[in-house]
Undergrad: 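Let me give you the structure first, and then I'll get to my questions.
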Amino acid sequence: MSLRLYNTLSAEKELFVPRVPGKIGMYVCGVTVYDFCHVGHARAGIVFDMIYRYLRFSGYDVTYVRNYTDIDDKIINRANNEGCDYRTIADRYIATFDDDMDRLGMLRPTVEPKATDHIDDIIEIISRLIENGHAYTVEGDVYFSVETFADYLKLSKRNLDDMLAGARVDLDERKRNPMDFALWKATKPGEPWWESPWGKGRPGWHIECSAMSMRFLGPSFDIHGGGKDLVFPHHENEIAQSEGANGCQFVKYWLHNGFVNINSEKMSKSLGNFFTIREVLEIFDPETIRFFVLQAHYRSPLDYSDQNLKEAQAGLTRIYEALALLDDALSVDPVSTDTAPSAAELAEKAAGLLPRFKEAMDDDFNTAQGLGILFDSVRTLNRTMAEGAGKSSASRPALEQLKESCVEIGNVLGLFQTKSADWLAAREAEKKERLEIVSDEIEKLITERAEARKNKNFKRSDEIRDYLLTKNIQIIDTAEGTSWKAK
RNA sequence: GGCGACGUAGCCAAGUGGUAAGGCAGAGGUCUGCAAAACCUUUAUUCAGCGGUUCAAAUCCGCUCGUCGCCUCCA
């Protein structure tokens, strides 16, 4: 089985064949750094981090480029509002972006270029576009002439006439076609600027990605990714610029992730219905957020809600509990040679886990199915453990294989990066922080209950248990004694 | 108005021609003094609706209804 992925350009799943065997160039649109990132940005980051990890796991040598767009109208506006330099704003939000991504457990891309470090590259591409007739200058601005590029709109599959009929574009008399877009903008008072052959100005949106991808990956490369909302105009325009300048295919495979929704509506800055990554990290741990994102296919919409995050945490906890069971069993020597009734099934699940996971991932990165397969193994593991497999030398090879496979899967998904016992303890500690009862009192009541149970005073012991339950304390009786945990 | 996507159990969610994964929640059972956890069993004759193609459709085609997205900055 080899990797197949959905290519926005062809609108179908295609067999993935890299341009150079064994090597992959991948460019993903980062963010415009003018504010904190929200959960929608987190999804895009997590999805492409997962893709990056899986491609590497599959044996490819991947060059992963993700840019910062650090010059743009919004950054300038914000700087003006705060009375500071655009650089101050850009640097501040580059730092918060990095921090958010690190906390979410993202691997750093191979290169993270900034648009303003590539002004020369941008100018060079624009010059070429003017030379070969794809662009024209007007009063210090430079526009791309969409009518000169026959393939324009091939990615978003529209046509110019329909787009114009909708007519929400600004009518600028200086443009040859209303759909022409800016490659270079002449400077206005109070704006940062760079020298160019067309006078002082700054790059338009879109051109920086053509410049940076070309610089680090060449004129033609394998994978370009981003959110669905970038298909038009951003990626469409990148194609026009890059193919117009280089005369060769820009990108072989276009990948686009679906949105995060709130009540079925797209989470977005303009609607104001967003939660920032740091807000959500106050409530949920990073892996819960990753798990939540990866439980859906990357192209599907994903509804964000407190309830859905809680369910994700419950699901992830189930896996971590199984991993803890596995860790405990493997940390001590086996004491029997008995074969558990389900031992054969466990061996089969252990051997099949990784191949089945790969098969799911090879089908357009189907992490939802991959996690389903993992849960399937978890159920079998729990059963055999309940049958005593953990103590038996007969089950060791299967348990070890299962453990190794889980580690590999975790490395691909960016999950299970914490020792199972520590992760569970951390969740437990979070719950305890929310309790309205001090542990001294709990301990006192547990002691009293133990006394009552010894005297067969079950009425009193049940009273204590039920009282603690109203305080979200769950009593757990074991052969070793009584413990408790927060619900 | 143009273009496009989606609609699978109480909720979330896989499944693109061969007879409905998985998670959460729920019910019954094993265990327990009673509980909890874990395990076992169970929860969609059915995939928005209606027609059509086919030996066979959640999967393909058409229509209807509903939701959302892009067309303006947006992951």
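Just so it is clear, the values below take in all heavy atoms, side chains as well, and ignore hydrogens, waters and symmetry mates. Residue numbering restarts at 1 for every chain, and letters A, B, ... go by the order of the sequence lines.
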Undergrad: Can you tell me, in whole Å, how much space there is between the P of B:A58 and that of B:A21?
TA: 13 Å
Undergrad: I want to check one thing: is the phosphate of B:C70, taken as OP1 and OP2, less than 4.0 Å away from some side-chain N or O of A:Arg158?
TA: no
Undergrad: Which residue lies toward the 5' end of RNA chain B, A:Gly227 or A:Asn263, if each is placed at its nearest nucleotide?
TA: A:Asn263
Undergrad: Residues of residues 369-381 of chain A with any non-hydrogen atom less than 4.0 angstrom from an atom of RNA chain B: list those, numerically ordered, please.
TA: A:Gln369, A:Gly372, A:Phe375, A:Arg379
Undergrad: Can you see if the side chain of A:Asn366 gets near the phosphate of B:G15 - specifically, an N or O under 4.0 Å from OP1 or OP2?
TA: yes
Undergrad: What orientation do A:His206 and A:His234 show, parallel under 30°, tilted 30 to 60°, or perpendicular over 60°?
TA: tilted
Undergrad: Can you label the angle between the A:Tyr52 ring and the A:Tyr64 ring as parallel, tilted or perpendicular, going by 30° and 60°?
TA: tilted
Undergrad: Tell me if the side-chain of A:Arg356 makes a donor-acceptor pair with the base of B:G22, cut-off 3.5 Å, by modelled atom types.
TA: no
Undergrad: Sticking with atom C1', work out how far B:U16 lies from B:A20, rounded to a whole angstrom.
TA: 14 Å
Undergrad: With rounding to the closest Å, how many angstrom separate the C1' atoms on B:G15 and B:U19?
TA: 13 Å
Undergrad: Checking all strands, does A:Leu230 fall into the base, sugar-phosphate, or nothing category for heavy-atom contacts under 4.0 angstrom?
TA: sugar-phosphate
Undergrad: If you write RNA chain B from 5' to 3' in dot-bracket form, with Watson-Crick or G-U pairs under 3.5 Å, [ ] for crossing pairs and | for pairs with another strand, what do you get?
TA: ((((((((.[[[..)..(...]]].(((((.......))))).....[[[[[..)....]]]]])))))))....
Undergrad: Could you say whether A:Phe291 or A:Arg453 is positioned toward the 5' end of RNA chain B, judged by the nucleotide with the nearest heavy atom to each?
TA: A:Phe291
Undergrad: Can you say whether a donor on the side chain of A:Asp462 sits under 3.5 Å from an acceptor on the base of B:G33, or the other way round?
TA: yes
Undergrad: Contact class for A:Val28 vs. all strands (heavy atom < 4.0 Å): base, sugar-phosphate, or nothing?
TA: nothing
Undergrad: Is any side-chain N or O of A:Lys266 closer than 4.0 Å to OP1 or OP2 of B:C70?
TA: yes
Undergrad: Does the side chain of A:Thr384 get closer than 4.0 angstrom to OP1 or OP2 of B:C39 through an N or O atom?
TA: no
Undergrad: Name every residue in residues 324-332 of chain A that has at least one heavy atom under 4.0 Å from any atom of RNA chain B, in order of residue number, or write none if there are no such residues.
TA: none
Undergrad: Taking B:G7 as the reference, what is the distance to B:A13 when you measure between their C1' atoms (whole Å, please)?
TA: 13 Å
Undergrad: Taking the C1' atom of each, how far is B:C31 from B:C40, in whole Å?
TA: 11 Å
Undergrad: For A:Glu387 and A:Ala340, work out which heavy atoms get closest and say how close.
TA: OE1-CB, 3.6 Å
